[in-house]
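In this chain, residues are counted from 1 in sequence order.
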Amino acid sequence: QVQLVESGGGLVQTGGSLRLSCVASGRTSSNDVVGWFRQAPGKEREFVAAMRWSGVGTSYADSVKGRFTFSRDNAKNTVYLQMNILKPEDTAVYYCAARPWPRMSSLINDYPYWGQGTQVTVSS
């Protein structure tokens, strides 16, 4: 079992920045994959980024490439999503998710472990 707790969401103006954190507890290994997803009101949950705990392999959705950066601190069992140049369309609940297998994936159903989510609101 893996438990995930996100934090760092909030209200920010267009063009601003936020850094989300996700602390993992339970069984994790360097080959496990951790991902960020988001769900806007009235929309389906969508993939944002994924990375292995080892740092080898990172994948981003086209909509966030060049603006969002995924990083990790293995000593703290924490991953971060640095979000820059935020846009109103980035407004959503952001979820951290984990899969105990090494294959990178952008599919929601490939992640058995999820956090509770953190709200990000970008005002225009």
Fill in: Side-chain hydrophobic cluster, 4.5 Å single linkage: members besides L4
V2, Y113
Discussion item. Testing the basics here: between K65 and D62, what is the closest heavy-atom pair and its distance to 0.1 Å?
Written reply: NZ-OD1, 3.2 Å
Worksheet item: What class does the angle between the rings of Y111 and F37 fall in, given that below 30° is parallel, 30 to 60° is tilted and above 60° is perpendicular?
Response: perpendicular
Item to complete: Return the minimal non-hydrogen interatomic distance between V33 and P102, and the atom names on each side.
Response: CG2-O, 3.7 Å
Discussion item. Which residues end up grouped with V48 if you chain together Ile, Leu, Val, Met, Phe, Trp and Tyr wherever their side-chain heavy atoms are less than 4.5 Å apart?
Written reply: V12, L18, L20, V34, W36, M51, W53, Y60, V64, F68, F70, V79, L81, M83, L86, Y94, V120, V122
Worksheet item: Do you know the tightest heavy-atom contact between S21 and T78?
Response: CB-CG2, 4.3 Å
Fill in: Inter-residue atom distance C96.SG - Q3.CD, 0.5 Å rounding
12.0 Å
Worksheet item: How long is the span from the CG atom in N77 to the CZ atom in R72, to the nearest 0.5 Å?
Response: 11.5 Å
Item to complete: I would like to know whether T118 and S7 meet side-chain contact (heavy atoms from CB on, under 4.5 Å); could you show each step before the answer?
Response: CA-CA 6 Å; T118 185; S7 63; 5.7 Å; no
Worksheet entry | Atom pair CZ/CG of R103 and D110 - distance to nearest 0.5 Å | 5.0 Å
Worksheet item: Is it the case that one hydrophobic cluster holds both Y95 and Y80, taking links as side-chain heavy atoms less than 4.5 Å apart, direct or via other members?
Response: no
Item to complete: With rounding to the nearest 0.5 Å, note down the distance linking CZ in R99 to CE in M104.
Response: 10.0 Å
Worksheet item: In Å and rounded to the nearest 0.5 Å, what is the CD to SG distance from E6 to C22?
Response: 5.5 Å
Worksheet item: What is the minimum heavy-atom distance between P112 and A98, and which atoms define it?
Response: CD-O, 3.2 Å
Discussion item. Test side-chain contact (heavy atoms from CB on, under 4.5 Å) on R67 and D90; report intermediate values, then the result.
Written reply: CA-CA 11 Å; R67 299 189 298 123; D90 294 318; 2.7 Å; yes
Item to complete: Output the distance between atom CD (Q119) and atom CD (Q39), rounded to the nearest 0.5 Å.
Response: 11.0 Å
Response to the item:
Of all heavy-atom pairs linking A92 and A40, the shortest is CB-N, 3.7 Å
Worksheet item: Got a sec: does the CD of E44 have more than 12 other heavy atoms crowding it under 6.0 Å?
Response: no
